[in-house]
Amino acid sequence: MAIKTPGKHFTSGSAVHAIIKWRKSRRGRKSVMATLMLTPMIDVFAVLTLFLLANFSATGEVLFMQKDIKLPEAQRAEPIERAPVVTISKEKIALEGDIVGKSFTDAIGKLSADNWEIAKLTKMLEDIKYRYYDSKNIPFPGKINIQADKDLPFLLIKRVMFTCTQAGYFNINFATLDSGRPAQKQEETES
Amino acid sequence: MATIDSQSGGRGKPLNVEYNLVPFIDLLSCLIAFLLMTAVWSQITMIKTNEGTSGSSATKDDFTLALYVYSNRQELAIGEGSTLRIPKQGNDYNYNRLAQELLKVKTKYPAKKDILILAQDKVKYNQLIETMDTAIGTDIPNITLSGMLE
C-alpha cells in the first residue's frame, strides 16, 4: 500500500499538467513514496492471534493476585471455579475484599473454644448464602475459595475453615498456582 | 495491496489477482485487541476438599485412610491396623516416600478414593498443599482436611 505525502491531491483532468510539472521538478531526487510490506505484518498478527486464542480462558479471572499473598504451587490441581473468595494474608482476613479480621492478633495466642469462629465472616457468608437462596431455585452448592499465603500456619487456615463450615460452606477449595504436570516439568528441565 | 502475479503469456485476459487485505487486517486487529484485554496471564488452579463428608464411603474398601501431618513427621494409618511413620527429609516432608506408600495402598485397594488428612497447627500451609497434591497424584482425589487434637 502506498503512502502519500500530505498536501494537495490532484484529481481533476485540468491538474494533470501541474502533476507533470511537479514530477519534472523532482527528477533526480530520491522518491518519498514508500511501500508498506503487508505480508510480515499479517504473519505477526496471525501468530499473535493463534497464541492468544490458545491461551484464551472462558472463565476469566476468578482470583486476583495480591501483593501480600504468595500462593503455594501444585502440579495436579483443577481449574478454579467461581465462588466467594476468602483471602488470608499475614496481616488480615478478607471476604471478597472486605476485611473481616486481623490474622495473627485474632488467631494466635488468644484462641479458646469460644473465639474459634470469626463472627463478621460468618455473618457475611450467611448473607451471601441467603442472597443465593433468594435468587436461584437450585440447592446451595456451599463452595468457597480460600486464597492464602503459603507461609501461614495451618492454625489460621483451620480457623477460617471452621467459620466457613459453620456458615454452611462445606466444599472448600484452596487456590494454588499451576506449576505444570510432572511429565511436563521433566520435559522442560530436559530441554 | 497484495497481488498474485501470474503471467498469462498469451493475448487472453491477464490472470493477476489483487486481494483486498485491509478488512482482513482490521479483523485481526480487533481480535488481537479483544484477546489481549480478556487474557488471563496467571494460571490459578485449586485443590478441592470436602469438609464433613468422607468422600466415596460407599465403596467396598470401607476403611479410613488417614494421614497425620506432625511438625516433624507424617504418619499414614490404614484402617484400624498398622501406622506407617514417614520422617522428615531435611526441612521438608518426604513426599516421594509418601507417594510410594499411597501407591501401595492403591494397588491393594484400587477403589479407594478418599483420604482424611489431619494436621498440627504449626504445619505450614504450603506443606499441606504439597501433601494434598501428592495424594491427588496417586489417584486419591477425595480429601477431607481437618485439625488434630494436640
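Reckoned from all heavy atoms, side chains included, excluding hydrogens, waters and symmetry mates. Every chain is numbered from 1 and lettered A, B, ... according to where its sequence line falls, protein lines coming before strand lines.
Counting only heavy atoms from C-beta outward, the side chains of A:Ile42 and B:Ile25 approach each other to under 4.5 Å. Put simply, the side chain of B:Leu145 reaches to within 4.5 Å of the side chain of A:Phe174, judged on heavy atoms.
A continuous path of Ile, Leu, Val, Met, Phe, Trp and Tyr side chains, each step under 4.5 Å between heavy atoms, connects B:Leu36 with B:Leu28, placing both in one hydrophobic cluster. The cluster map of Ile, Leu, Val, Met, Phe, Trp and Tyr, joined by side-chain heavy atoms under 4.5 Å apart, puts B:Tyr93 and B:Leu103 in different clusters. A:Leu38 and A:Val44 are members of different hydrophobic clusters when ILVMFWY side chains are connected at heavy-atom separations under 4.5 Å. Criterion: ILVMFWY side-chain heavy atoms under 4.5 Å apart, direct or through other members. Under it, A:Ile93 and A:Ile99 are not part of a common hydrophobic cluster. Residues A:Tyr130 and A:Leu95 fall within the same hydrophobic cluster, defined by Ile, Leu, Val, Met, Phe, Trp and Tyr side chains chained together at heavy-atom separations under 4.5 Å.
The local environment of OH in B:Tyr70 is crowded, with over 12 non-hydrogen atoms from other residues, nucleotides or ligands closer than 6.0 Å. Applying the 6.0 Å contact sphere to CD of A:Glu126 captures more than 12 heavy atoms from other residues, nucleotides or ligands. More than 12 heavy-atom neighbours from other residues, nucleotides or ligands sit within 6.0 angstrom of NZ on B:Lys88. Around the CZ atom of B:Phe24, the shell of radius 6.0 Å holds no more than 12 heavy atoms that belong to other residues, nucleotides or ligands.
Among residues 129-140 of chain B, the residues having any heavy atom closer than 4.5 Å to a heavy atom of chain A are, in sequence order, B:Ile129, B:Met132, B:Asp133, B:Thr134, B:Ile136, B:Gly137.
Nearest approach of A:Asn145 to B:Met46, heavy atoms of both residues: OD1-SD, 4.3 Å. Closest heavy-atom contact between A:Lys158 and B:Gly147: CD-CA, 3.4 Å. Across A:Phe45 and B:Ser29, no two heavy atoms sit closer than the pair CE2-OG, 3.3 Å. Nearest heavy-atom pair, A:Leu52 versus B:Ile32, reported as atom, atom and distance to 0.1 Å: CD1-O, 4.1 Å. Across A:Ala148 and B:Tyr125, no two heavy atoms sit closer than the pair O-CE2, 3.4 Å.
Rounding to the nearest 0.5 Å gives a distance of 9.0 Å between CG of B:Leu21 and CE of A:Met41. Here the CG atom belonging to A:Leu50 is positioned 9.5 Å from the CG atom belonging to B:Leu31, to the nearest 0.5 angstrom. The distance from atom CZ of A:Phe154 to atom OG of B:Ser146, rounded to the nearest 0.5 Å, is 6.5 Å. Between atom CD of residue B:Gln127 and atom CG of residue A:Asp151 there is a gap of 9.5 Å, rounded to the nearest 0.5 Å. Here CG of A:Leu48 is found 8.5 Å from CG of B:Leu35. Values are rounded to the nearest 0.5 Å. Summarising the geometry, atom CG belonging to B:Leu27 is positioned 8.5 Å from atom OG1 belonging to A:Thr49; distances are rounded to the nearest 0.5 Å.
Proximity to chain B involves both the backbone and the side chain of A:Leu177, based on heavy atoms less than 4.5 angstrom apart. Both the backbone and the side chain of B:Ile44 come within less than 4.5 Å of a heavy atom in chain A.
Looking only at distances, no side-chain donor or acceptor of B:Thr45 sits under 3.5 Å from a matching main-chain atom of A:Ile80.
Of the candidates A:Lys150, A:Lys70, A:Glu73, A:Lys150 is the only one forming a side chain to side chain contact (heavy atoms under 4.5 Å, CB included) with B:Asn126.
Legend: salt bridge (Lys or Arg N to Asp or Glu O under 4.0 Å) pairs involving residues 29-48 of chain B, not counting sequence neighbours, sorted by first then second residue: A:Glu78-B:Lys48, A:Glu81-B:Lys48.
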